[in-house]
Amino acid sequence: MQNKANVLLIGCGGIGTIGALNLERGGQATVTAVLRSNYEHVKEHGFSIKSIDHGEVEGFKPSILRNTIPDLTTESLPPYDYIIVTTKNYADIPPSVATLIHPAVTPGHTRIVLLQNGLNIHKPLQSAFPTNIILSGVSFCGSHQVAPGKIVQEDDDELYIGAFRNPGIASAVEDAAAQDFVRIYGAGGKCQPQFNPNVAFSRWRKLLYNACLNPICAITDLDTGRIQLADGAIEDLVRPAMREIQAAAKACAGVELPDETLDFMITMDPITMYNPPSMQVDVRSGRFTEFENLVGEAVREGRAKGVAMPTLTVLYGILKALQWRTKEKRGLVTVPEAVDHTVQK
């Protein structure tokens, strides 16, 4: 046990559960998993997993299950070598990721792995934990929790790990941490995670899907199959949005995204899979969306470099309104009471 990495994983949904399974089966890590809505079910039954990488797995449980964030000070726990965050990242909904993980972070020791989508998600973490290495995880896994504790993984686990650069930490040290995580994650042989020091490329590339196809499917309520079939949806909505990401990536980060990559992202999900992307599932379920990190940050970064982003600006405005609607339903915004404005004659 003492030779294994001590890992805290926050969020055991589709991506987090497959991550925990890879880490535990590789024998190089002991995983403490923090669960929320599925905690009681998994505590009793474990996870039921149907995976393209692992086959059918029944009753899987990480080494330790919790429904609260560990507090190293009050619980006298050993430090975590890695904290992996796979929860949704709602920039406009408290608590922030930094606040959430703060009790479990050991300054200067814990490496924080953000297995989350979007741009600039590391900045609040670097402000809160300036002496800790922050790693970027960009995942194409196709894994979903379809019921409490029931996971379906339809695509191979494709994971790219690199370091968000911190001027106070030597880049060689950051890269070594990223490579170490790649080693322990892939030790089980069921996936081949890759060390990719070009974090900007990985994140802008994935925005072709997550800032374009994902929100357009959510707003229209057409899955990735139907959006390809719908009249004009690709050429009038999806492709123009992707071209704006293409231009912003080059202007902001020097990242070249060729047209072939746009075509790949559009057709990545076969039509007959009829796959609803994560944001569409969230809107259907009345949940918050990650629109700020996925679309808002891309719009702000592009505009700052003089890139015209009309399609994404409209998408951002609609998503902001949808988020407000969800906030109202949850009592997070104050709405004046209705007044009868009927004119009495």
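- With respect to Glu297 and Arg300, a salt bridge is recorded, a charged nitrogen being found less than 4.0 Å from a carboxylate O.
- Two residues are said to be in side-chain contact when any heavy atoms from C-beta on lie closer than 4.5 Å; Met268 and Leu208 fail this criterion.
- Between Asn166 and Pro130, the shortest heavy-atom distance links the atoms ND2-O, 2.9 Å.
- In Lys327, the NZ atom is crowded: over 12 heavy atoms of neighbouring residues, nucleotides or ligands sit closer than 6.0 Å.
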Point to revise | salt bridge (Lys or Arg N to Asp or Glu O under 4.0 Å) assessment of Glu24 paired with Lys4 | key: CA-CA 10 Å; Glu24 292 277 12; Lys4 294 183 178 182; 5.6 Å; no
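- No continuous path of hydrophobic side-chain contacts links Leu294 to Tyr90 [ILVMFWY only; heavy atoms under 4.5 Å].
- Taking Ile, Leu, Val, Met, Phe, Trp and Tyr as hydrophobic and joining them when side-chain heavy atoms fall under 4.5 Å apart, one finds Tyr274 in a cluster with Leu229, Ile271.
- Side-chain contact between Thr289 and Leu322 is absent, with no heavy atoms from C-beta onward closer than 4.5 Å.
- Leu9 is not connected to Phe47 by any chain of hydrophobic side-chain contacts under 4.5 Å among Ile, Leu, Val, Met, Phe, Trp and Tyr, and they are in different clusters.
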Review point. How far apart are the C-alpha atoms of Asp53 and Ser51, what are their side-chain angles, what is the distance that settles it, and do they pass the side-chain hydrogen bond (donor to acceptor under 3.5 Å, both in side chains) test?
Key: CA-CA 5 Å; Asp53 292 335; Ser51 164; 4.9 Å; no
Hey, can you pull the donor-acceptor pairs under 3.5 Å for the side chains in residues 33-46, sequence neighbours left out?
from	atom 1	to	atom 2	distance (Å)
Asn38	ND2	Cys12	O	3.0
Asn38	ND2	Gln145	OE1	2.9
His41	NE2	Pro148	O	3.2

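- With rounding to the nearest 0.5 Å, the separation of CD1 in Ile134 from CD1 in Ile83 is 9.5 Å.
- Looking at Ile227 and Ile266, their side chains never come closer than 4.5 Å, going by heavy atoms from C-beta outward.
- If you check the side chains of Gln153 and Ser143, you find no donor sitting under 3.5 Å from an acceptor.
- Residues Leu8 and Ala104 approach most closely at CD2-CB, 3.6 Å, considering heavy atoms.
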Review point. Under the salt bridge (Lys or Arg N to Asp or Glu O under 4.0 Å) criterion, do Glu75 and Arg66 qualify, and how do the steps go?
Key: CA-CA 13 Å; Glu75 298 183 60; Arg66 295 181 57 114; 2.9 Å; yes
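- If you chain together hydrophobic residues whose side chains sit under 4.5 Å apart, Leu119 and Ile161 never meet in one group.
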**Study point:** Residue pair Lys190, Asp156: steps toward the salt bridge (Lys or Arg N to Asp or Glu O under 4.0 Å) verdict
**Key:** CA-CA 9 Å; Lys190 295 296 185 180; Asp156 291 328; over 6 Å; no
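- Distance check: Gln228 CD to Thr272 OG1 gives 9.5 Å after rounding to the nearest 0.5 Å.
- A 4.5 Å side-chain heavy-atom check between Asn214 and Ser278 finds at least one atom pair inside the cut-off.
- Between Asp92 and Gln323 the shortest side-chain heavy-atom distance falls below 4.5 Å.
- Looking at Gln280 and Asp221, their side chains do bring a donor and an acceptor atom within 3.5 Å of each other.
- Other residues, nucleotides and ligands place no more than 12 heavy atoms under 6.0 Å from the NZ atom of Lys150.
- How far CG of Asn22 is from CD of Gln28: 13.0 Å, rounded to the nearest 0.5 Å.
- Using modelled atom types, one side-chain atom of Thr86 and one backbone atom of Gly11 make a donor-acceptor pair closer than 3.5 Å.
- Across every non-hydrogen atom of Gly108 and Thr131, the tightest pair is N-OG1, 3.0 Å.
- The pair Glu244-Arg303 does not meet the salt-bridge criterion, since no charged nitrogen lies less than 4.0 angstrom from a carboxylate oxygen.
- Using modelled atom types and a 3.5 Å distance limit, the side chains of Glu301 and Asn120 yield a donor-acceptor pair.
- The distance from atom CZ of Phe181 to atom CG of Leu23, rounded to the nearest 0.5 Å, is 5.5 Å.
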Practice item. Check the pair Arg111 / Asp180 against side-chain contact (heavy atoms from CB on, under 4.5 Å), numbers first and verdict last. Key: CA-CA 11 Å; Arg111 299 159 176 179; Asp180 185 60; 3.6 Å; yes
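- Applying the side chain to side chain contact (heavy atoms under 4.5 Å, CB included) rule to Glu58 yields the partners Ser48; only residues at least two apart in sequence or on another chain are considered.
- In the hydrophobic clustering of this structure, Ile216 groups with Phe264; members are Ile, Leu, Val, Met, Phe, Trp, Tyr whose side-chain heavy atoms approach within less than 4.5 Å, directly or through other members.
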Practice item. Assess whether side-chain contact (heavy atoms from CB on, under 4.5 Å) is satisfied between Val146 and Lys50, documenting all intermediate values. Key: CA-CA 11 Å; Val146 297; Lys50 184 177 181 181; over 6 Å; no
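- Judged purely by distance below 3.5 Å, without hydrogens or angles, the side chains of Glu290 and Asn117 never pair a donor atom with an acceptor atom.
- Applying the 6.0 Å contact sphere to CD of Glu158 captures more than 12 heavy atoms from other residues, nucleotides or ligands.
- Between the side chain of Gln126 and the backbone N or O of Arg165, at least one donor-acceptor pair lies under 3.5 Å.
- Hydrophobic clustering (ILVMFWY, side-chain heavy atoms < 4.5 Å, transitive): Ile84 and Phe60 are in distinct clusters.
- A donor-acceptor pair is defined here as one N or O able to donate and one able to accept, closer than 3.5 Å; no such pair exists between the side chain of Ser136 and the backbone of Gly162.
- Asn89 CG to Phe288 CZ: the interatomic distance, rounded to the nearest 0.5 Å, is 13.5 Å.
- Atom CG of residue Asp71 and atom CG of residue Leu77 lie 8.5 Å apart, to the nearest 0.5 angstrom.
- Under the 4.5 Å side-chain criterion, counting only non-hydrogen atoms from C-beta, Gln116 is not in contact with Asn293.
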Practice item. Could you please spell out the steps behind the side-chain hydrogen bond (donor to acceptor under 3.5 Å, both in side chains) verdict for Arg226 and Thr220? Key: CA-CA 10 Å; Arg226 289 175 174 84; Thr220 62; over 6 Å; no
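- When all heavy atoms of Ala211 and Leu312 are compared, the closest pair comes out as O-CD2, 3.2 Å.
- Counting only heavy atoms from C-beta outward, the side chains of Cys141 and Leu159 never approach each other to under 4.5 Å.
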Report all side-chain donor-acceptor pairs from residues 250-261 shorter than 3.5 Å, counting only partners two or more places apart or in another chain.
from	atom 1	to	atom 2	distance (Å)
Asp259	OD1	Arg243	NH1	3.1
Asp259	OD1	Gln246	NE2	3.0

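- The shortest side-chain heavy-atom distance between Leu125 and Ile101 falls under the 4.5 Å cut-off.
- The ring pair (Phe, Tyr, Trp, His ring centres under 6.0 Å) analysis of residues 103-140, with sequence neighbours excluded, yields the pairs His102-Phe129, His122-Phe164.
- The two residues Ile151 and Gly13 make their nearest non-hydrogen contact at CD1-O, 3.7 Å.
- Nearest heavy-atom pair, Ala241 versus Thr311, reported as atom, atom and distance to 0.1 Å: CB-CG2, 3.9 Å.
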Practice item. Determine, step by step, whether Asp157 and Tyr185 satisfy the side-chain hydrogen bond (donor to acceptor under 3.5 Å, both in side chains) criterion, reporting the C-alpha distance in whole Å, the side-chain angles of both residues, the deciding distance to 0.1 Å, and the verdict. Key: CA-CA 11 Å; Asp157 189 356; Tyr185 191 92; 2.7 Å; yes
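- Within the structure, ring pair (Phe, Tyr, Trp, His ring centres under 6.0 Å) pairs that include any residue of residues 305-336 comprise Phe291-Tyr316 (at least two apart or interchain).
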